[in-house]
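Here the structure is laid out as C-alpha cells; the discussion comes afterwards.
These values consider heavy atoms only, across backbone and side chains, with no hydrogens, waters or symmetry-generated copies.
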Amino acid sequence: LATEAGVANTDAPDEALRRIDAWLCDLKDFAIKDGLHIYGRAAQGETDLLRLQSAATEQSALLAALDGRHITAGPSGAPARGRSDVLPTGRNLFTSDPRTMPTPTAFDLGKAASDEVVTSYLQAHGDWPRSLVIDLWGSASLRTGGEEIAQGLALMGCRPQWDAATGRVTGIEVLPPATLGRPRIDVTWRISGLFRDMFPTQIALIDAAATAVATREEDDAENPLAARTRADGKVTPRIFGSSPGTYGAGLEDLLSSGDWQAREDLGRAYLDAASHAYGGVEGEGVSAPGAFAGRLADADLLVHTGDDPGRDILEGSADVAFIGGFSAALAALGGNADVVVLDTTDPQKPKPRSVAEAVGRVVRARAVNPRFVAGQMRHGPRGASEFAETVDRLVGFAEITHAIPGNLIEVVHDAYLGDPAVRAFLLRENPAAAKVIAERFQSARRRGLWHPLRNSIDDDLAALIAEAQAQGVAA
C-alpha cells in the first residue's frame, strides 16, 4: 500500500503522511457503483423528477420503436457534465453540430487538462515532451464537445477560431511561441473508427492545424514538428487510424482468444491496424503502412483520456486494447515512453496518472470494495459477469503492459475467490463466469505476472474450473 501511495523508504514522516493522505483522498473521490442500472427503473430513493421520468420514457420509447411508431428526438450528451437538457432519456438521439467542435468551453477545459499532462511530465523528467500520441474517440468527443481535440490543439500551440453568430469553428489560430511558455509539442492522433466515421470535419481541422505548425519558420527547439518537416523535406501525416470500415485497436481478437506468445505480437497487431493516414479537406484516409510506427518510435508519451464517471478502465475492452496496444508496440519497436491515463471525469480537476496508478485506484476503490461486491451479488448471473469482466481486464492490463504489480491481482483474487461467500455465489449463479475468472488467474500465473505466497493457489484454481464445468453440465 505504501508503494501504491507513492511513499518511499527515504521519505520523512510528514512527507509520507502527506502522500498517504493525498492517495486516500483520491480513492475517496472515486464513484463506486452500488449495483447495476435496470432498464426502465429509476434508482431506489431517486428524487430527481427528470430521472424518474426517464424510467417511464425509456420503456414507452422501446415499445414505440418495436411497433414502428415515432420516437421524440432529443440531444446527446452527458448529464454528469451538466447536460441536463439530455433528460429525460428514452429519446431518439441526435448529435451536436460537428462544425462547433471543439466548443469554447471544451477548448478551455482541454487546454487545462493538457497543461496538467505536460507539467506532470516536466516534473518527472526535467524537460518538456517533444512528441506524443493522443487517443481520440468519437464517443468521448460527443460527451465533452471536443475536449480531447482541444488537448492536442493546445499542445501544438493552436486554438480554434469561432464565428460569433453561429459558434461554428471557422479556422485555426497558431499562437506565437512567446505566449505558450514552453515549446510546441509534435502531436500524433490515433483516431477510433467511430471518430473517423462521424467527424471528417474535425479530421480536416486537426490536419490543417498540424500543417500550419509544420510549415512555420521557427527554431527547432521551439517547434519539433517544423524541425521534422524540414528534415523530411515534406509535411508527413499526424492522424492515423484503421482502414475505412474497420474498428478497434487491432488486437481485441488476440486478447480474447489468448492466442499469442509475446506481447510484441500484440504490439505488431496494434501497429498494423493503424494502417491509414487521414487528413485533407474531406478527412479521407490513404494507406500508409509503417508510418504510424515511425511516429510511435519518436513519442515521449501516450495520452489516453477517460471522461466518463459512469465507467472505468476495467470495464469494457477498448481501454485495455488501446492503452495496452501502445505499450506493446513500444516493446516491439524497442522504444521507451510514458503512458498517461488522463482522468477528466471532473473536468475542473484533470488528473494524469500512470497505468499502474490508474488501475490500482480502480482496484482499491471499486473492484475489491465490499459495497461494490455486495451490489453485484444482488444481480445474480449479471453481477457475476461483472466480476469476470473486472478480472479479465485486470489480467489483460498485466499481460500487455507489464506495469501491473502482482499484489493487485492477489487482492482481487482474495476478494472474489478467497471469500467463500463470493466463490459460492459465482458457482451458483454463473458457473461460466467462475470458470473464466479462474482461467484468467491461471493465465496470470502461467505468464509469470502473479506469484502468490500460497502454494495451493494452482490447485484451488483447477478445482474451481472443475466445479464450474460440473455445475454448467448440471444446469
Side-chain angles (χ1 to χ4, degrees), residues 1 3-4 251-266 313-315 317 320-321 324 327-328 331 355-356 359-360 362-364 366-370 372-374 376-377 381 383-475:
L1 290 176
T3 301
E4 291 179 44
L251 61 159
E252 290 83 354
D253 289 343
L254 288 173
L255 284 173
S256 62
S257 68
D259 186 20
W260 55 277
Q261 297 301 317
R263 69 179 182 133
E264 287 80 3
D265 300 335
L266 300 171
I313 61 173
L314 295 187
E315 297 176 289
S317 61
V320 178
S327 178
V355 174
V359 171
V362 174
V363 168
R364 297 294 183 183
R366 191 264 289 176
V368 301
N369 191 306
F372 169 76
V373 174
Q376 300 310 311
M377 290 175 70
S385 70
E386 291 288 317
F387 295 144
E389 180 180 51
T390 296
V391 173
D392 180 61
R393 305 307 179 242
L394 173 63
V395 175
F397 269 115
E399 289 174 332
I400 195 170
T401 68
H402 288 188
I404 308 304
N407 67 291
L408 291 181
I409 300 175
E410 180 99 11
V411 296
V412 173
H413 169 273
D414 290 350
Y416 296 172
L417 302 187
D419 185 320
V422 181
R423 186 183 189 278
F425 162 80
L426 289 166
L427 283 170
R428 180 180 68 252
E429 298 291 342
N430 194 334
K435 180 173 180 288
V436 167
I437 289 172
E439 289 174 341
R440 292 303 280 144
F441 283 130
Q442 280 187 332
S443 177
R445 292 279 296 120
R446 185 174 62 254
R447 297 185 188 276
L449 302 168
W450 174 36
H451 304 283
L453 297 177
R454 298 188 300 280
N455 294 328
S456 63
I457 288 289
D458 292 333
D459 290 339
D460 292 344
L461 294 175
L464 178 58
I465 292 172
E467 289 181 67
Q469 290 172 330
Q471 289 282 88
V473 172

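Side-chain atoms of Val412 and Phe441, non-hydrogen and from C-beta on, do get closer than 4.5 Å to each other. Contact annotation: the side chain of Leu426 approaches that of Ile437 to within less than 4.5 Å [non-hydrogen atoms, C-beta and beyond]. Side-chain contact check for Val411 versus Arg364: some heavy-atom pair is nearer than 4.5 Å. Using a 4.5 Å heavy-atom threshold, the side chains of Glu399 and Ser443 count as touching. Put simply, the side chain of Arg263 reaches to within 4.5 Å of the side chain of Ser327, judged on heavy atoms. Taking the side chain as every heavy atom from C-beta outward, Leu449 and Ile404 never approach each other to under 4.5 Å. Contact check for Val391 versus Val436: no side-chain heavy atoms found under the 4.5 Å cut-off. Residues Val368 and Asp414 form no side-chain contact, since every pair of their non-hydrogen atoms from C-beta on lies 4.5 Å or further apart.
Here the CD-CG distance, from Glu315 to Asp392, works out to 13.0 Å after rounding to the nearest 0.5 Å. Between the CG atom of Leu408 and the NE2 atom of His413 there is a distance of 14.5 Å, given to the nearest 0.5 Å. Here Arg440 contributes atom CZ and Thr390 contributes atom OG1; the two are 12.5 Å apart, rounded to the nearest 0.5 Å. The CD1 atom of Ile313 sits 9.5 Å away from atom CG of Leu394, with the distance rounded to the nearest 0.5 Å. Atoms CD and CG, from Glu252 and Leu266 in turn, are 10.5 Å apart once rounded to the nearest 0.5 Å.
The shortest non-hydrogen separation linking Ser257 to Leu254 is OG-O, 3.3 Å. The two atoms that bring Ala398 and Ile409 nearest to each other are CB-CD1, 4.1 Å, heavy atoms only. The two residues Leu427 and Pro431 have their closest heavy-atom pair at O-CG, 3.3 Å.
Side-chain atoms of Tyr416 do not come within 3.5 Å of backbone N or O of Val373 as any donor-acceptor pair. At distances below 3.5 Å, at least one donor-acceptor pair connects side-chain atoms of Arg445 with backbone N or O atoms of Trp450.
The 12-atom threshold is not exceeded at CG of Asp253, counting heavy atoms of other residues, nucleotides or ligands nearer than 6.0 Å.
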> Going through the checks in order, is the side chain to side chain contact (heavy atoms under 4.5 Å, CB included) test met by Val362 and Arg393?
Replying inline: CA-CA 11 Å; Val362 174; Arg393 305 307 179 242; over 6 Å; no
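Below 30°, between 30° and 60°, or above 60°: for Phe387 and Phe425 the angle between ring planes is above 60°, a perpendicular geometry.
Salt bridge Glu410/Arg454: present, at least one basic N to carboxylate O contact under 4.0 Å.
Within the structure, the side chain to side chain donor-acceptor pair (under 3.5 Å) test picks out the following pairs touching residues 424-439 (sequence neighbours left out): Lys435-Glu439. Within the structure, no pair that satisfies the ring pair (Phe, Tyr, Trp, His ring centres under 6.0 Å) test touches residues 453-472, not counting sequence neighbours.
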